[in-house]
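These notes concern the structure reproduced below.
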Number of protein chains: 4
Amino acid sequence: MRPENNPGGQKVRSFIETARRAQIVASAIEVIAEQGFANASLARIAQHAGISKGVISYHFAGKDELMEEVVTQVYAEAVQHVLARIEGLESATELLRTQIIASAEHMRDHPAQVKALGEIFYNLRLPDGRPRYGIDTSEELLQSLENIYRFGQESGEFRPFDVRVMAVSHSAAVDSMFAYWTAYPEHDLEAHAHELADLFEHAARTQEAPHS
Amino acid sequence: MRPENNPGGQKVRSFIETARRAQIVASAIEVIAEQGFANASLARIAQHAGISKGVISYHFAGKDELMEEVVTQVYAEAVQHVLARIEGLESATELLRTQIIASAEHMRDHPAQVKALGEIFYNLRLPDGRPRYGIDTSEELLQSLENIYRFGQESGEFRPFDVRVMAVSHSAAVDSMFAYWTAYPEHDLEAHAHELADLFEHAARTQEAPHS
Amino acid sequence: MRPENNPGGQKVRSFIETARRAQIVASAIEVIAEQGFANASLARIAQHAGISKGVISYHFAGKDELMEEVVTQVYAEAVQHVLARIEGLESATELLRTQIIASAEHMRDHPAQVKALGEIFYNLRLPDGRPRYGIDTSEELLQSLENIYRFGQESGEFRPFDVRVMAVSHSAAVDSMFAYWTAYPEHDLEAHAHELADLFEHAARTQEAPHS
Amino acid sequence: MRPENNPGGQKVRSFIETARRAQIVASAIEVIAEQGFANASLARIAQHAGISKGVISYHFAGKDELMEEVVTQVYAEAVQHVLARIEGLESATELLRTQIIASAEHMRDHPAQVKALGEIFYNLRLPDGRPRYGIDTSEELLQSLENIYRFGQESGEFRPFDVRVMAVSHSAAVDSMFAYWTAYPEHDLEAHAHELADLFEHAARTQEAPHS
DNA sequence: GATGAATGAGGTTTCATTCAT
DNA sequence: AATGAATGAAACCTCATTCAT
């Protein structure tokens, strides 16, 4: 039985426990990325980590907690990377371009993590059968993207359009970049990212009608 | 035991067999759409259809064949609808816009089918754990979209860009339109489709030349 | 998957299913009687019956349903036996004596059933941890006994006393007769029953008035 | 590793060890009383005591030894209370009445202990599946009760009857008094005890037929 | 053609116990 | 003396598949 919450509500985890949890999360990411969510049984995750099945049950309340821990860690890392890269940018165009390109960088550097994240998003279900994560889970991301596009509209860089549709499409296009690269590893991810940046820049920006 | 292949390699299916297979496929679509791929056991599909579990095993070699049959039928129907709607169109802009809008129509009319198709695409795996369907399965669709965009480039309607990236993004954006609508059923699907058409039209078309 | 309820709410069970359920119930009774509730796993019950573990899952929704079926069948049989023996009796004294003696007969003829019934009563718990069967489950039995004692009070055979305490004690004493016989099989069950009948007759009956 | 037996065969326990064992026993009693024997895992007992699971294994050879320690301590305390209350009584009638009433007092004052005792009695099994405690374990208690009833027969207070049956029934009736009170806490335990005393007094005593 | 019945593998989880620190 | 960590067995349950009827 793991330590209880302390009064502050934060788990107090020993060094060993932290390390084990990280090891298990890492193993889960690899197994899910390689074999898919449906084949990622606790037995396989344990075997892949070279530990006993019971260890996972000891460190996590159940499979769901493990999966949620994977999501939390992986998602946080991705957000962190992208935010660091767009920090300080001042034009909406630069923001949207950099969001796409930084996402591609992160995918290139952590493909298994991103793959696992997607698998869990699509497959993890609540006990009642409804998806644990849905598009509504991405609300935060969508609002960030909306903010970029809305900022561009207000600054005059961008034409008028429905920012929600733009954000949803932007997000899906970025995800599809990763999926395509996963299917065709020789595909040029960086070039794809720049093309995609062009695509959304053209889609969003005010059409020039310069008069002579 | 079902009939063997005849010498020509084509299954000969009786009327009853054809009807049963259709009934089972329909039931599978509904169960998958409602409960998700992971919860769509043969038992549930059979129960939903009001038939015995054995019937499915009798008419299909296994669960995988059933799933593939669902994909085949549903995919064919979707393609058929969109093709009929874009037939005869002559400008690339009209083609791309109509492809998006017709897709939305099909989603509106057959949401369960489209939902099930997505579930199977994301979840069905080969025995070795690799995905049964991948982006490569969409090659045909991607080429059709590429053809539209390339046609536009050749006709001068569209600016130069990587048609593959455009096709992949286009496809993903259309899929995300459906996913978003599924999550928020009150969302205006038709409006989304028109916004999306605008999005890709702006993304692709030649920027207006300066007026002299 | 077993057949669904028909509209009337009654399960429709085939002959084979009925036989299998009876066989499994019988096996469960024997295993519980011999090894105790805690050791009566589905695996052992299946093994004892010479069938596969999955058969039980096929015929019963779960272990709980199996246990409840055991209780239902065994309890009904016991009640039926005792009721048949006391039918037509007219004095309260005869009723209480015969209730005890008939119970002993049933115990003698079906010791495993009675043992299993007790095990399940004491051990089966609801998912929330509360007992599935409690003293409140015996309410029906207690009321029957109360009726006997109250009848005796009204007819003047019995002295005044709290009929509930008498019924609870009566019921416990009968159960302890079985438990004692189980522990000491050479113990004379029939003699015990007659002694117990004397005990409660003396406990209940009106004290003879002094002769003048 | 705990201290070995000394040559005399008695464990030598340090103060700390004694205190820890008592703490663990107390925790076990509470957990068993609240959640039932089946749900009283070592993990839960340790958690309830606010100690590590390993401590229990350190101080007790195993779960069985802990359970036996609970029985020993609780039983001794109960016997002690009842013996103190009947000490010095001189008539069999007083003895039997007081045994019942004193038992009820103990139940009222230590319900968790009594509940836990019952749970363990009914559920603890030897490795071979046979009950660890049975009616034979109560032999000492039964003989004490027999002594009371035999004393009453010899003094002429009680009629002739089988003292073993009377003792077994008496014991069971007292236990059922507790079980009933547990199920219906608003039930008047003291009144029940007095009714029960009346019951066995009437059951046992010589029926007067005084002639004038 | 169709069905109910049965199987056995594999899933997650709980648990008593052991062990190094 | 005490602990956290780890183990492996066993529990219940679900499932795809096979088979006799």
Side-chain angles (χ1 to χ4, degrees), chain A residues 1-3 12-17 19-21 38-46 51-66, chain B residues 1-3 14 16-17 19-20 38-46 51-66, chain C residues 1-3 12-17 19-21 38-46 51-66, chain D residues 1-3 14 16-17 19-20 38-46 51-66:
Chain A
M1 191 128 308
R2 280 174 301 100
V12 177
R13 290 203 229 278
S14 70
F15 171 74
I16 289 187
E17 177 159 17
R20 264 280 190 253
R21 283 177 67 99
N39 295 19
S41 67
L42 292 187
R44 253 191 277 262
I45 293 170
I51 58 179
S52 157
K53 225 177 4 172
V55 183
I56 300 180
S57 295
Y58 178 75
H59 287 285
F60 294 90
K63 192 179 189 179
D64 287 358
E65 197 205 314
L66 170 56
Chain B
M1 192 112 323
R2 279 175 302 102
S14 72
I16 287 186
E17 176 158 17
R20 266 281 192 246
N39 294 6
S41 66
L42 291 188
R44 256 190 275 262
I45 294 169
I51 58 177
S52 157
K53 228 180 354 174
V55 184
I56 300 181
S57 297
Y58 180 78
H59 286 287
F60 294 90
K63 192 179 187 180
D64 288 359
E65 198 205 316
L66 169 56
Chain C
M1 191 128 307
R2 280 173 301 101
V12 177
R13 291 204 227 279
S14 70
F15 170 74
I16 289 186
E17 177 160 17
R20 263 280 190 254
R21 283 177 67 99
N39 294 23
S41 67
L42 292 187
R44 252 191 277 264
I45 293 170
I51 59 178
S52 157
K53 223 175 10 170
V55 184
I56 300 181
S57 295
Y58 178 76
H59 287 285
F60 293 91
K63 191 180 188 179
D64 287 359
E65 197 204 314
L66 170 55
Chain D
M1 192 105 336
R2 281 174 301 101
S14 72
I16 288 185
E17 177 160 16
R20 266 280 191 250
N39 294 9
S41 67
L42 290 188
R44 255 190 277 261
I45 293 169
I51 59 178
S52 157
K53 226 179 357 172
V55 184
I56 300 181
S57 298
Y58 180 77
H59 286 288
F60 293 91
K63 192 180 188 180
D64 288 359
E65 197 205 316
L66 169 57

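Letters go in sequence order (proteins before strands), and every chain restarts at 1. Hydrogens, waters and symmetry mates play no part in the numbers below; they use all other heavy atoms, side chains included.
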Of all the nucleotides listed ([options]), which has the minimum atom distance to the side chain of [X]?
{"X": "S41(B)", "options": "dA16(F), dA6(E), dA6(F)", "answer": "dA16(F)"}
{"X": "H59(C)", "options": "dA2(E), dC15(F), dA6(E)", "answer": "dA6(E)"}
{"X": "S52(C)", "options": "dG4(F), dT7(E), dC15(F)", "answer": "dT7(E)"}
{"X": "R20(D)", "options": "dG4(E), dA2(F), dA16(E)", "answer": "dA2(F)"}
{"X": "R44(B)", "options": "dA1(F), dT3(F), dC15(F)", "answer": "dC15(F)"}

Inset, instruction - Please determine if a side-chain N or O atom of Y58(B) lies less than 4.0 Å away from the OP1 or OP2 oxygen of dA2(E). - result: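 False: Y58(B) side-chain N/O out of range (4.0 Å or more) of dA2(E) OP1/OP2.
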Inset, instruction - With axes from five pairs an end, tell me the bend angle of the helix from dA2(E)-dT21(F) to dT21(E)-dA2(F), nearest 10°. - result: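 Nearest ten degrees gives 20° for this helix.
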Could you list, one pair per line, each protein nitrogen or oxygen that sits under 3.5 Å from a nitrogen or oxygen of nucleotides 17-21 of chain F, together with the distance?
unit_1: dT17(F); atom_1: OP2; unit_2: K63(B); atom_2: N; d: 3.0
unit_1: dT17(F); atom_1: O4; unit_2: K53(B); atom_2: NZ; d: 3.4

Inset, instruction - Scan I16(B) against the nucleic acid and name what it touches under 4.0 Å (heavy atoms): base, sugar-phosphate only, or nothing. - result: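 Sugar-phosphate, no base atom in range.
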Grab the [atom1]-[atom2] distance between [X] and [N] for me, whole Å please.
{"X": "F60(D)", "N": "dA2(F)", "atom1": "CZ", "atom2": "P", "value": "12 Å"}
{"X": "I45(B)", "N": "dC15(F)", "atom1": "CD1", "atom2": "C1'", "value": "12 Å"}
{"X": "E17(C)", "N": "dG4(E)", "atom1": "CD", "atom2": "P", "value": "10 Å"}
{"X": "F15(A)", "N": "dT3(F)", "atom1": "CZ", "atom2": "C1'", "value": "18 Å"}

Legend entry - A38(D): side chain to side chain contact (heavy atoms under 4.5 Å, CB included) partners, not counting sequence neighbours: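 Per chain and number, A38(D) pairs via side chain to side chain contact (heavy atoms under 4.5 Å, CB included) with no residue.
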Inset, instruction - Only counting residues at least two apart or in another chain, list the ones meeting side chain to side chain contact (heavy atoms under 4.5 Å, CB included) with S52(B). - result: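 Expected list: V55(B).
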Inset, instruction - By nearest nucleotide on DNA chain E, pick out whichever of I51(C) and A38(D) is the more 5' one. - result: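 Between the two, 5'-proximity favours I51(C).
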Legend entry - With R44(C) via side-chain hydrogen bond (donor to acceptor under 3.5 Å, both in side chains) - residues at least two apart: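 For R44(C) there are no side-chain hydrogen bond (donor to acceptor under 3.5 Å, both in side chains) partners, ignoring immediate neighbours.
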